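Positions are given from 1 along the sequence. These values consider heavy atoms only, across backbone and side chains, with no hydrogens, waters or symmetry-generated copies. Only a predicted model underlies this, so the values are computations on that prediction, with no experimental measurement involved.
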Amino acid sequence: MSRNIDNDSTLSLDIQQLRKLCYSKRLNFLLGAGASQPAIPTLADNLHPDELIDTIRGVSANLLSGSITGAEKVTFHAYLGFISMIISILNLSNSRAVPRSANIFTTNYDLYVEAAMDKIMQNNYGILFNDGANGYFKRYINTFNYDRSSALRGQFDNYNHETPTIRLIKPHGSINWIQLTQDKDQELIEVRNRPVDKTEKPFIVPADKYESQHTMESRHFFEMLRLFNIELDKPQSILFVIGFSFEDKHIASMVRRALQNPGLLVCIFAYSDETCKSSAGNSRRTISKNIGKILSPNLIILSPKDVAKFLIKRKKYCLASVCSKVTKSTSKGILLDLKTVTRLLMPDNVSSFFS
């Protein structure tokens with residue numbers, strides 16, 4: 001069975017300990033459709049796949065033009081906080097133990113991560129962003145580009161400091177990718193600085209519940225998932241899962257297999273305890289059903305009740321304040337959306353969690 005914090009006698013890690021582990025482990029994140037809510041709905045909202053693509057195209061275009069409002073703006077600020085949290089962790093991490101880098105794996109087609117990185121890098125010169133693309137006027141994506149690293153050496157080569165790096169891996173494609181050749185053995189994929197027009201077809205895995213079959217039809221998508229496997233097989237690794245329900249059976253299977261690695265810790269944040277209209281299928285019950293029964297001490301599923309219990313146990317806040325100050329609330333407690341999880345993992349942020 002997976003570890004959880006429903007019973008204090010079975011808890012060997014709390015949220016503060018999880019935060020500390022980030023400094024000494026290889027950092028990985030898996031983001032699903034729930035991470036980009038409320039700006040972008042999901043197929044769980046009875047949206048046709050074509051309507052979903054049109055929505056993502058429109059939201060992504062607004063992001064790049066700076067014309068976001070309402071829910072789009074709320075989601076963008078959540079991603080800004082998420083990226084800032086990762087950078088804070090990398091700056092405090094032990095580079096002697098693990099590389100000072102983090103991997104963001106996402107099945108989302110939207111450009112929220114890219115837009116947030118672009119905004120933050122305007123005033124932060126000490127971070128590198130690697131989306132797997134290379135080129136100047138035209139950029140082309142290739143998994144080999146993820147092997148690149150960089151270091152600051154100083155003007156006189158008098159030091160050599162590893163530059164913190166965030167790598168973005170999108171195993172289901174992106175709204176701004178377009179395939180220029182149809183040769184499956186030599187795929188040429190261009191990464192554009194804008195969403196692909198309606199007259200063209202973005203290079204993505206169709207959201208039709210046959211994603212596992214589609215990924216095997218493309219060498220590039222296969223290599224992306226292979227990279228996911230490789231990272232989870234490395235020693236001293238941690239995977240945080242946010243907004244992901246594990247409806248994608250091939251990814252659920254990969255995580256189950258990866259848990260055979262004794263040096264891997266997987267922490268899944270469930271949006272809600274029970275399935276509700278706004279959970280996008282990311283409730284504890286749904287996640288547990290989709291990922292299956294796993295006899296591993298290295299799997300933790302945290303739900304809103306767990307987080308509330310942890311905070312109450314610390315005697316810092318009551319459940320009422322949790323509901324009213326953290327995020328959108330329900331009668332059953334807080335919801336673990338991207339903003340809330342970011343605040344939980346932000347270094348030394350317990351005292352200012354509700355500021």
Starting from the C-alpha separation in whole Å, work towards a yes-or-no answer on side-chain hydrogen bond (donor to acceptor under 3.5 Å, both in side chains) for T165 and N130.
CA-CA 7 Å; T165 301; N130 185 350; over 6 Å; no
Heavy-atom closest pair, residues [X] and [Y]:
X: S237; Y: N28; value: CB-ND2, 4.2 Å
X: I86; Y: A102; value: CG2-CB, 3.7 Å
X: I175; Y: L111; value: CG2-CG, 3.7 Å

Close side-chain approach of [X] and [Y], heavy atoms under 4.5 Å:
X: M121; Y: I166; value: no
X: W177; Y: H220; value: yes
X: Q236; Y: S24; value: no
X: V196; Y: Y109; value: no
X: L265; Y: L18; value: yes

With salt bridge (Lys or Arg N to Asp or Glu O under 4.0 Å) as the test, would you mind laying out the steps for R257 and D233 before giving the verdict?
CA-CA 9 Å; R257 187 203 61 79; D233 280 342; 3.3 Å; yes
Neighbour count above 12 (heavy atom, 6.0 Å) for [X] [atom1]:
X: R226; atom1: CZ; value: no
X: K234; atom1: NZ; value: yes
X: Y140; atom1: OH; value: yes

Any side chain to side chain donor-acceptor pair (under 3.5 Å) pairs touching residues 83-92, not counting sequence neighbours?
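Those involving residues 83-92 do not exist here.
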How would you list all residue pairs meeting ring pair (Phe, Tyr, Trp, His ring centres under 6.0 Å) that involve residues 43-80, not counting sequence neighbours?
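Residue pairs passing ring pair (Phe, Tyr, Trp, His ring centres under 6.0 Å), neighbours aside: Y79-Y112.
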Kindly say whether [Y] contributes a backbone atom to a donor-acceptor pair with the side chain of [X] at under 3.5 angstrom?
X: S253; Y: H250; answer: no
X: R26; Y: P235; answer: yes
X: T75; Y: A39; answer: yes

Result of checking I294, I268, I291 against V255 for side-chain contact (heavy atoms from CB on, under 4.5 Å)
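With V255 as partner, side-chain contact (heavy atoms from CB on, under 4.5 Å) holds for just one option, I291.
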Sole residue of N108, L338, T106 in side-chain contact (heavy atoms from CB on, under 4.5 Å) with S36
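When N108, L338, T106 are each tested with S36, the side-chain contact (heavy atoms from CB on, under 4.5 Å) holds only for N108.
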The test is side-chain hydrogen bond (donor to acceptor under 3.5 Å, both in side chains); show your working for N176 and R192 and say whether it passes.
CA-CA 5 Å; N176 65 327; R192 296 184 174 176; over 6 Å; no
Measure up the F82 and F29 rings against each other and bin them: parallel (under 30°), tilted (30 to 60°), perpendicular (over 60°).
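Rings of F82 and F29: perpendicular, over 60°.
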